[in-house]
Amino acid sequence: MSILEVKNVGKRFGGLQALSDVNLSVKENSVHAIIGPNGAGKSTLLNCLVGKLIPDTGSVMFDGQSVLGRAPYEINQMGISRVFQTPEIFGDLTVLENMMIPCLAKRDGAFELNAIASVMGQRDIIDKAEHMLVEMNMADKRHMHAASLSRGDKRRLEIGMCLSQEPRLLLLDEPTAGMARADTNNTIDLLKQISDQRDITIAIIEHDMHVVFSLANRITVLAQGTPLVEDNPENIRGNPKVREAYLGETA
Ligand SMILES: Nc1ncnc2c1ncn2[C@@H]1O[C@H](COP(=O)(O)OP(=O)(O)OP(=O)(O)O)[C@@H](O)[C@H]1O
Ligand SMILES: [Mg+2]
């Protein structure tokens, strides 16, 4: 059964047709990778799924309900969490304080950042954030400023912040971009563990084919704003059209 259905989505920026006729079906509990060259429209598509952009045409259904026209926090409450290309954590706050933010949002719905200060002492929020840090293997770093974390740990924190909202669909936009190989491998292990141990679907945009072929059981190749092919990893590897359009020597 599919949890996310994208039908005929199109998005234009001025004279540029960034997405056209995008159809995508993401199966529940799968890891679905979206790959393609720079500028193919991958991030634009993801932004259409989380309420950051409204497509000009088409529909986006999550678990049978349209996400279009809803605010990002409403989509979040429907069960979609996302990690964007640039990490969205607060460098001046500690790891624990960062983790408290989504725990608070989950409890109270929409929230304002300055509301955090007033709940810093609230036990249920602290306990939940502490618990998630243990699950993320970051408990020993809870009093560090988030800015001082390694790139891999920043991602780990951000993924934990998403998970604390108990999403059914986790969207990741290039989670390993700019990482050293060791951090990349740690992120692969973390995502494998999340996929195996939780009732969750993962859709991941990635350029690193090692990450894609380590995790994905379904792959969509996007080229010039439109899906070129959707298939399982073995067939994607062997598809000459895909090699020509994108993979080159990377696979
Ligand atoms: N807000 C915007 N205004 C105008 N053009 C945009 C906007 N956002 C994206 N674009 C353009 O749309 C096209 C698709 O961009 P997008 O960021 O979705 O590509 P991408 O596949 O995520 O690329 P990358 O792999 O480099 O992250 C690009 O040509 C980009 O310049
Ligand atoms: Mg992008």
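Whatever order the structure lists ligands and atoms in, that order sets their numbers, starting from 1.
Counting only residues at least two apart or in different chains, side chain to side chain donor-acceptor pair (under 3.5 Å) contacts with residues 59-71 comprise D63-R168. Applying the side chain to side chain donor-acceptor pair (under 3.5 Å) rule to pairs touching residues 182-196 yields N185-H210, sequence neighbours excluded.
With no hydrogens or angles considered, a side-chain donor-acceptor pair links S43 and D173 at under 3.5 Å. Looking only at atom types and distance, the side chain of E28 has no donor-acceptor partner in the side chain of T201 under 3.5 Å away.
Around the Mg ion (ligand 2), the protein atoms of type N, O or S that sit closer than 2.8 Å are S43 OG, Q85 OE1.
A chain of hydrophobic side-chain contacts below 4.5 Å, direct or via other Ile, Leu, Val, Met, Phe, Trp or Tyr residues, connects V9 to L68. Transitive grouping of hydrophobic side chains (ILVMFWY, heavy atoms separated by less than 4.5 Å) brings L19 and L4 into a common cluster.
Here the side chains of L157 and M136 are not in contact, with every heavy-atom distance at 4.5 Å or above. With a 4.5 Å cut-off on side-chain heavy atoms, L171 and V50 count as touching.
Around ligand 1, the residues contributing at least one heavy atom under 4.0 Å from the ligand are F13, L16, A18, P37, N38, G39, A40, G41, K42, S43, T44, Q85, E174, H207.
A salt bridge is defined here as a Lys NZ or Arg NE, NH1 or NH2 lying under 4.0 Å from an Asp or Glu carboxylate O, and R155 with E158 meets this definition.
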